[in-house]
**Q** 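Just passing along the structure, written as structure tokens.
We name chains A, B, ... by the order of the sequence lines, and we start the count at 1 in each one.
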Amino acid sequence: NAGVTQTPKFQVLKTGQSMTLQCAQDMNHEYMSWYRQDPGMGLRLIHYSVGAGITDQGEVPNGYNVSRSTTEDFPLRLLSAAPSQTSVYFCASRIRASSYNSPLHFGNGTRLTVT
Amino acid sequence: GESVGLHLPTLSVQEGDNSIINCAYSNSASDYFIWYKQESGKGPQFIIDIRSNMDKRQGQRVTVLLNKTVKHLSLQIAATQPGDSAVYFCAETPRDTGRRALTFGSGTRLQVQP
């Protein structure tokens, strides 16, 4: 199993551009989520999904959209990038949303710079 | 608001010594805690977890201690090795958020001196 795969690893955008960060997992996990990590801060939850067709907002959802059309994929969309969205983005999954006492599995991140 | 935090941003230890990384949490509704290790350029990697009905849990060279009375969590690493150098995060799952999200601390950097 590859686990959680994120693409691209690095991306530079200009303010106002849009893009999609890809996330795929091959562990048949129901629960998937997106976090952002900023210097000196812990990871903050952006959006999450407890299964295909179901998504919900996390702590910092503004400026981001998500969809979950399949169990495997959970893309994160930036509709109009802003410098405040410069960050490292991590996708994470676990087997079920209700399996709260099982750990999240993280991808290796996408480093996004918005100029 | 309530949050998970860490006492020390950077911890420097000698190779072979034991390391102790501390974490304070304030959400009494949390009942599951995890320690993650993050190496440069990688995503957080699960180390060990503990439920609130336990005080101690041991893994390979690592031990997590939970003191619910003072809302304190610690990670002990025995015989610290250079490969242990990384940033360590504690995280909690609060019952009052439906346990659907983890709340992370800001991290402690462990530096192992050879």
**Q** Just how far is it from atom OG of S106(B) to atom CG of L43(A), taken to the nearest 0.5 Å?
**A** 11.0 Å

**Q** Drop me the distance from Q37(A)'s CD to F89(B)'s CZ, to the nearest 0.5 angstrom.
**A** 4.5 Å

**Q** In the single-linkage hydrophobic clustering (I, L, V, M, F, W, Y; side-chain heavy atoms under 4.5 Å), do L76(A) and M19(A) co-cluster?
**A** yes

**Q** For R111(A), I'd like to know if atom CZ has over 12 heavy atoms of other residues, nucleotides or ligands within 6.0 Å.
**A** no

**Q** Are V12(A) and V114(A) linked, directly or through intermediate hydrophobic residues, by side-chain heavy-atom contacts shorter than 4.5 Å (ILVMFWY only)?
**A** no

**Q** When you compare the side chain of L104(A) with that of L102(B), does any pair of heavy atoms fall below 4.5 Å?
**A** yes

**Q** Output yes when a side-chain donor or acceptor of N108(A) lies under 3.5 Å from a complementary backbone atom of K42(B), and no otherwise.
**A** no

**Q** Compute the ring centroids of Y36(B) and F106(A), then answer whether they are less than 6.0 Å apart.
**A** yes

**Q** Sort Q6(A) into side chain, backbone, both or neither according to what part of it lies under 4.5 angstrom from a heavy atom of chain B.
**A** neither

**Q** To the nearest 0.5 angstrom, please state how far the CZ atom of F46(B) sits from the OG atom of S102(A).
**A** 9.0 Å

**Q** Give me the atom names and distance for the closest heavy-atom approach of P103(A) to I34(B).
**A** CA-CD1, 4.1 Å

**Q** Please tell me whether Y48(A) and V60(A) are part of a single hydrophobic cluster in this structure, the criterion being side-chain heavy atoms less than 4.5 Å apart.
**A** no

**Q** Is it the case that one hydrophobic cluster holds both I47(B) and M54(B), taking links as side-chain heavy atoms less than 4.5 Å apart, direct or via other members?
**A** yes

**Q** Counting heavy atoms not belonging to R51(B), are there more than 12 under 6.0 Å from its CZ?
**A** no

**Q** What part of Q45(B) lies closer than 4.5 angstrom to a heavy atom of chain A: side chain, backbone, both or neither?
**A** neither

